[in-house]
Structures are given as structure tokens and as C-alpha cells.
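Chain naming here is simple, since letters A, B, ... match the order of the sequence lines and numbering starts at 1 in each. Atom set for the values below is all heavy atoms of this structure, side chains included, hydrogens, waters and symmetry mates excluded.
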There are 2 protein chains.
Amino acid sequence: MEYSEKQRQIMDVALALFADHGYHKTSIRDIARAAEVNVAMVSYYFGSKDKLLEAIFIHRFSTMREILRDIIYEKTHSPIEKVEKFIDIFIDMLVQHQLFHRLMMRESSVIKEGPLFDMIYELKTTNRRLVEKAVKNGQRLGVFRKDVDVFFMSSVLIGSVNQNLANHRYEMEHTQWTAEEKEIAKKNRINALRKHLKRMFIAYLTIDEGQ
Amino acid sequence: MEYSEKQRQIMDVALALFADHGYHKTSIRDIARAAEVNVAMVSYYFGSKDKLLEAIFIHRFSTMREILRDIIYEKTHSPIEKVEKFIDIFIDMLVQHQLFHRLMMRESSVIKEGPLFDMIYELKTTNRRLVEKAVKNGQRLGVFRKDVDVFFMSSVLIGSVNQNLANHRYEMEHTQWTAEEKEIAKKNRINALRKHLKRMFIAYLTIDEGQ
DNA sequence: TACAAAACTAAACAAACGTTTAATTTAAAC
DNA sequence: GTTTAAATTAAACGTTTGTTTAGTTTTGTA
């Protein structure tokens, strides 16, 4: 699916507004105003507001799919390195697509059917399968323990990163830092997130039960 | 603040609809129909739709505040037991108030000011302070490591539980189990969540760096 | 029973919503 | 330069929205 510059402009503006104020709170007139186009253009190009959301999802999903697919082909030496690499790529992905990620997380709690539901379901399943693959690899090599809950692990991965970013945004609302200071604080926070998430996962995966 | 039976009925119905379909997607007429009252009653009792949401938040928050406050007075023997107890109470709280928790999580991403923002901010801060207290206690007794990131830990706690419950709901949409079977599956899932979350936290808190 | 306050109702309100229409401008092709 | 299709516009469409009004019923009190 190819989009003209104007179509992409509408999609980008809509994504930002949807992420900031929610899908239903954002009106087509809000989008048109921010994108500096006529209100009729959204229907003209995308058919409807729902279809616009769907177009945004399809567009962003194809990128995320590629990133997740690339994780498999990452050549690493040990199972631990593989887990660390996985976490790095995963965090990079969510940070890079943070607006879309926020939108998806928010709407996923009320979407119960249709193409968007299927896409989100696919993403969650893919994510879980990749975690499972990495875990089983480590188990086969005798590095990881046997009784690891993959459902739990994938929940922790996406849930922790998501909550960490959300909390950080919340705290930033209370500060009066400059944009530059906020950028530095964000980088530090993400680096801390990487470090502790890796440590926590590896501790959970390798620790001996016999205490 | 005391509410009559009818007022509580409206609040309960509204909470369920808000949690299931989102605040902005749910109309006052939807609420009135489900609660079997006249549309004007919502404005009559609560003033406006926003105030109704606020009333729901205030009402549920007072309960959650009490639960979190009780955690401090939990008498336990060791720091590890304290962490385990904390996780148990926390999960109990989110499961018991799962509708409200879903609503709060969803709306917290778009609420940027006002009384609801302040309440959510307070809850996050309280939660983090309690985690900090438990961690420092363990550090003082030489059981936990020194370089623990409390911001990270509180994010992992709420994020993991939230994501786990959300994923479980997502998977349930695809099955055709009976209500009873779903209830059993849910219980099992929550028990697994308890077990693995405790194990993971304790592994992260106690493991030696010198590997 | 009389009365005042509270509870409740149907109807109407203006505003905002997503979408469509009909007309006009722009761009491309011949 | 003419023609044809695409892009763009302002205006209007019918619904739905949250809220208010004005009137009725119920309830509690003296």
C-alpha cells in the first residue's frame, strides 16, 4: 500500500493526536486542523475514521513485524547474550514507535474483534513465540532452568517497558525542565531500564531453586 | 461521601461500561439504559459525565488507599516474606478491583491534569514508596543487594500484573470455554503469576553480581 | 390531610460528531 | 488549448452527544 505525502501527513498527525488524547476524543476536525487539510479529505482518502485508524495500524505493524522477524536471525554466542539482544531490540522498537505503541496499548483494551484485534493478537503471539524460542535454546544448553513460564515472561517484558515509559511521562509532567533536560532524563531512564531488565530476566532464568 | 443505592447502581454500571468500551465511547444514554434509570438522573445525581467519572475514581481510590496503607502494618519475619506478602496483596487488590484498574490504566495515558491526574500520581508515588520501604528494609538486613532501581521495580510490578491480566483476557476471547472453565483458567493464571513474580523479584533482589 | 422537598420523567436544547454532496480548482494527458 | 480525472473546498446532512427544562410523581414530615 503506497501513500502520497498528504496521506502520510494525515496519518502522522492523526497518530500523534490519537496517542495524546485517545481515539474517540480526537475528532476528524481536530485532525484536519492539525494537518492543515479540509475535513472532507480524511473521508476522501481513507473512507472513514475507523479506516484511517486501520490504515495507521497496518502501516506501523508491517515495520514492527519486520523488526521482530529480524530478532530470529540475530547471531549471538550464548543464550544470555541472546536474551540481552532481544531486550535491546524490543526496547528500541517500542521507543522508536512510542506514539503508535501508546495508541495500540490503549485501544487494545477495548478492541474485541475485527482486523485490529487480529493484528494485536498476532503481535502478542509472535512476541511470545520469540521469547519461547530464546528460552528453549537456553534450556537445551543447560544454562536456563526448566520451569520457566513463557506467558509470564512475555507479559513482564512488554508490561514492564510499557509501564516504565508511562510512569516516566507522568513524572515529566510535574517537572519544569527544558526539552534538552527531558531528553537526557529519558535516555538515562531507558538505559537503566535496559540494564535492570536484563539483570532481572537473567536472574530469573538462571537462578537455582535449591536454596 | 455517602451514596444512595441508586447512585451506587449508576456508578457500578458506568464503571463496567467505561472499563469495557472506554470512557468516551460510552454515552450517558448507554449508562442510563443499562442501569435502568432516566438519562437525566446522571446529571441530577453527579452533575456531569466528568463528575461521574471523578466520583467513581474517588470512591474506588479510598479503598485502594486503605489496602496499600495496610501493607505497612503487615507483620512478617523476613524481608523476603515481606516482598512475597506485598506481591500477594497487590495482586489481590488489582484482581478485586479489576474493572476500575482497567479503566484507570486506560485513561491514565490521556489524563494530563486535574483531580484524576493527581489521584493517579499519588497512587503511583505511594506504590513506589512502599516498594522502596520493603527494599531498604532488606538492604539494611544484608539480604538484598545495594543497587536496586526502585522506579524500575514498581514499574515491573504494576506493569507485569496489568499486562498478564490483559493478555489473559485477550486469549480468552479466542476460546469457547464455559464460564466455569474460564474461571478455573483465570485462577490458575493468577496463581502462576504470583509464583513467578515472587521468584523473579527475589532473584533480582538477592542475586550476587560476581558471576 | 396538607405541604414541602426530593425523586423522577419525557421532551427539548444547542453543540459536536462523522460523513456526504455539489461545486470549484488543480494537474496531467493528448 | 482542450479535455478528463484527481484534488480540494465550503456547506449541508442526519445523528448522537451531554445537558437542561418544565412538569409530574413519590416520599417524608407536621
Side-chain angles (χ1 to χ4, degrees), chain A residues 1-59 103 106-107 110-117, chain B residues 1-59 103 106-107 110-117:
Chain A
M1 192 69 62
E2 287 297 314
Y3 294 109
S4 71
E5 195 178 335
K6 205 140 228 170
Q7 291 175 72
R8 262 189 279 109
Q9 189 188 350
I10 292 173
M11 287 170 76
D12 288 346
V13 164
L15 172 58
L17 290 174
F18 288 162
D20 268 7
H21 310 112
Y23 173 72
H24 285 102
K25 177 74 181 172
T26 305
S27 73
I28 288 191
R29 284 172 177 83
D30 291 336
I31 298 167
R33 196 179 312 118
E36 293 178 307
V37 297
N38 191 278
V39 271
M41 295 311 288
V42 173
S43 298
Y44 177 73
Y45 276 131
F46 299 96
S48 69
K49 194 188 173 187
D50 278 347
K51 293 262 186 66
L52 168 59
L53 180 66
E54 203 179 310
I56 292 172
F57 262 70
I58 290 172
H59 180 239
L103 169 63
R106 186 180 146 84
E107 299 307 326
V110 297
I111 295 173
K112 268 122 189 168
E113 52 180 3
L116 299 195
F117 182 94
Chain B
M1 193 68 63
E2 287 297 314
Y3 294 109
S4 70
E5 195 179 334
K6 205 139 229 169
Q7 285 171 318
R8 263 189 278 108
Q9 189 189 348
I10 292 173
M11 288 170 76
D12 288 347
V13 164
L15 171 58
L17 289 174
F18 287 162
D20 267 8
H21 310 111
Y23 173 72
H24 285 101
K25 177 76 182 172
T26 305
S27 73
I28 287 192
R29 284 172 176 82
D30 291 335
I31 298 167
R33 196 179 311 119
E36 293 177 309
V37 297
N38 192 278
V39 269
M41 295 311 290
V42 172
S43 298
Y44 177 73
Y45 276 130
F46 299 95
S48 69
K49 192 187 174 188
D50 277 348
K51 293 263 186 66
L52 168 61
L53 180 66
E54 204 178 309
I56 292 172
F57 262 71
I58 290 172
H59 180 240
L103 170 64
R106 186 181 146 84
E107 298 306 325
V110 297
I111 295 174
K112 268 122 189 168
E113 51 179 4
L116 299 195
F117 182 94

>> Counting only side-chain heavy atoms from C-beta out, which of C:dT19, C:dC8, C:dT20 sits nearest to B:K6?
In response: C:dC8
> Is a side-chain N or O of A:T26 found less than 3.5 angstrom from the main chain of A:H21, in a donor-acceptor match?
Replying inline: no
> Below 4.0 angstrom from OP1 or OP2 of D:dT17, is there any side-chain N or O of B:S27?
Replying inline: yes
> Should the heavy atoms of other residues, nucleotides or ligands under 6.0 Å from NZ of B:K112 be counted, would the total exceed 12?
Replying inline: yes
>> As an exercise, state the distance from OG of A:S27 to NZ of A:K49, rounded to the nearest 0.5 Å.
In response: 7.0 Å
>> Under 4.0 Å, counting only non-hydrogen atoms across every strand here, what does B:T26 touch: a base, just sugar-phosphate, or nothing?
In response: sugar-phosphate
> From the list C:dT9, C:dT19, C:dC17, which nucleotide is the closest neighbour of the side chain of A:V39?
Replying inline: C:dT19
> If you measure from CD1 on A:I58 to NZ on A:K51, what distance do you get to the nearest 0.5 Å?
Replying inline: 10.5 Å
> Between C:dG18 atom P and A:L53 atom CG, what is the distance in whole Å?
Replying inline: 13 Å
> Separation of A:N38 atom CG from C:dA23 atom C1', in whole Å?
Replying inline: 13 Å
> For C:dC17, does either OP1 or OP2 sit under 4.0 Å from a side-chain N or O belonging to A:K49?
Replying inline: no
> Hey, does A:F46 reach any base, or is it just sugar-phosphate, or nothing, if we go heavy atoms under 4.0 Å?
Replying inline: nothing
> Between atom CZ in B:R29 and atom P in C:dT9, what is the gap in whole Å?
Replying inline: 15 Å
>> In this structure, how many angstroms lie between the C1' atom of D:dT15 and the CD1 atom of A:I28, rounded?
In response: 14 Å
> More 5' along DNA chain C: A:S43 or A:D30, using each one's nearest nucleotide?
Replying inline: A:D30
>> Just N and O in the side chain of B:Y44: are any of them under 4.0 Å from OP1 or OP2 of C:dA7?
In response: yes
> Is the distance from OP1 or OP2 of C:dC8 to the nearest side-chain N or O of B:Y45 less than 4.0 Å?
Replying inline: yes
